[in-house]
Amino acid sequence: MSASPAAIDELKSALGPGGWSDDPEIIAPRLTEWRGQWRGETPLLLLPDTVEAVARAVRVCATHGVAITPQGGNTGLVGGQIPQGEVLLSLSRMRQVRQVWPLEDVMVVEAGVTLLEAQQAAADSERMFPLSLAAEGTATIGGVISTNAGGTAVLRYGVARDLVLGLEAVLPNGEIFHGLKRLRKDNTGYDLKQLLIGAEGTLGVVTAAALKLFPVMRSRATAMVAVASIEDALMLLGRAKAETGGGVEAFELMGRPGLDLVLAHIPDTRDPLEIPTPWRVLIELVSGEAGLAERALERLLESALEAGLIQDAAVAQNAAQAQAMWRLREDMSAAQKAAGGGWKHDVSLPLSALAEFVARADAALRAAHPGIRLVTFGHLGDGNLHYNVVPPADGDPAAFAERREEGARIAHDLVHALDGSISAEHGLGRLKTEEARRYKDPVQIAAMRAVRDALDPQRIMNPRVLF
């Protein structure tokens, strides 16, 4: 599947000046995953600026049997966006907000638009696009759709899949899938866009999307809360949902070890609470009515304190204080990198199994690897934990990294036993594709292979990813 000189020449001709690069300095930043875990290589970087240009490039690759690795903002954490000899297809030049329909609560944007730019485009029309995550300034719409990203507001708005009404994409044979409908209802057969969402570029290249928008919230209230246990945090979540009638937009869990790493390694951060409980919860309530979220949060915290569910709370008095609280949560990955990296486990579990998983996994991993630091945080409201293992403070990070599969087996066996998933929002990529065979239902694997074989019989689309 390597690209012959003839294929390279044909790709350059198909895309024309500006549509490709073989400059090592331009390509190099796209060949390294941001944590440094994967480094790749490619004979050519493709930089199409229209869906027709993408289609021309894919047709050339299909004709010559050349493999393609699509790439968005290169913020993925499982290595699926890093080529290993394939041509690298970047959508970074497809950056148009094609149209916004405020009355319909829909906008169509191209795949290279960053998540932050999409949010701003919605805001310019007095609407909100709710998908939000720490890398939103770099992550692109095409990337978050292809990986079915989640983020911090899943509890209220759902994952990327729930926010997509239609897609435009180029299939592995170079044909354009014209699926940019803005309809909320369309029962005319298979919903083909759903195959492309979360497929990690294996069934085609997403080039544009019709996205759901929502009204702008008129009030927003944020608090950092100290709790004694995950069980108490879950009780607080249930109370928050019941008392606010669906007003909970974010409910983030943070273990003390992760918070300590942020405070130690991220400048200008501080804990808004002095009480040293093992867990913190970051709560954000929203409402379409001015002042309602603030009043709801006050009532919630008062009742939770009286019930003994929380030990203390700090309420953000302005946007700057709310942002400072969010930094403690969003910089946890950066803080772990500064502490020597570690084993990352992006898992999801039924809410009722979260506390059991953490207790049993902590005990098993500490027994197998004395001295480790366990950094647990995540989106408690939707059952998604980032369960990470950081090497001992005096340990060798490189030697520790080599034992990742051993640690992952312990954590993922327990996730599977508790009816969870070993990948909640980052996909399988190169990191987990082989590992997933151990847990995925063989019938599901066979069905996925059949779909892939039908659409990409040459297996030229991101061939190292998925089954």
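- Looking at E435 and R409, no side-chain N of the basic residue comes within less than 4.0 Å of a carboxylate O on the acidic one, giving no salt bridge.
- Side chain to side chain, S92 and S90 meet the donor-acceptor criterion of an N or O pair below 3.5 Å.
- Using a 4.0 Å cut-off between charged side-chain N and carboxylate O, E168 and R98 make a salt bridge.
- The 12-atom threshold is exceeded at CD of E406, counting heavy atoms of other residues, nucleotides or ligands nearer than 6.0 Å.
- Within a 6.0 Å sphere centred on CD of Q444, other residues, nucleotides and ligands contribute more than 12 heavy atoms.
- The salt bridge (charged side-chain N to carboxylate O under 4.0 Å, His left out) check on D271 picks up R256, R280, with sequence neighbours excluded.
- Of the candidates V347, L253, D346, H386 forms a side chain to side chain contact (heavy atoms under 4.5 Å, CB included) with just one, namely D346.
- The one candidate from I230, N388, L385, V389 that meets the side chain to side chain contact (heavy atoms under 4.5 Å, CB included) condition with T376 is L385.
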Check the pair L365, L374 against side-chain contact (heavy atoms from CB on, under 4.5 Å), reporting the backbone distance first and the verdict last. CA-CA 9 Å; L365 283 165; L374 294 164; 4.3 Å; yes
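- Aromatic rings of W343 and F400 (six-membered ring for Trp) have centroids within the 6.0 Å cut-off, being under it.
- Here F251 pairs with nothing under the ring pair (Phe, Tyr, Trp, His ring centres under 6.0 Å) rule; sequence neighbours left out.
- Taking 4.5 Å as the limit, every side-chain heavy atom of V154 sits out of range of all side-chain heavy atoms of H379.
- In this structure, the ring of F377 has its center no less than 6.0 angstrom from the ring center of Y387.
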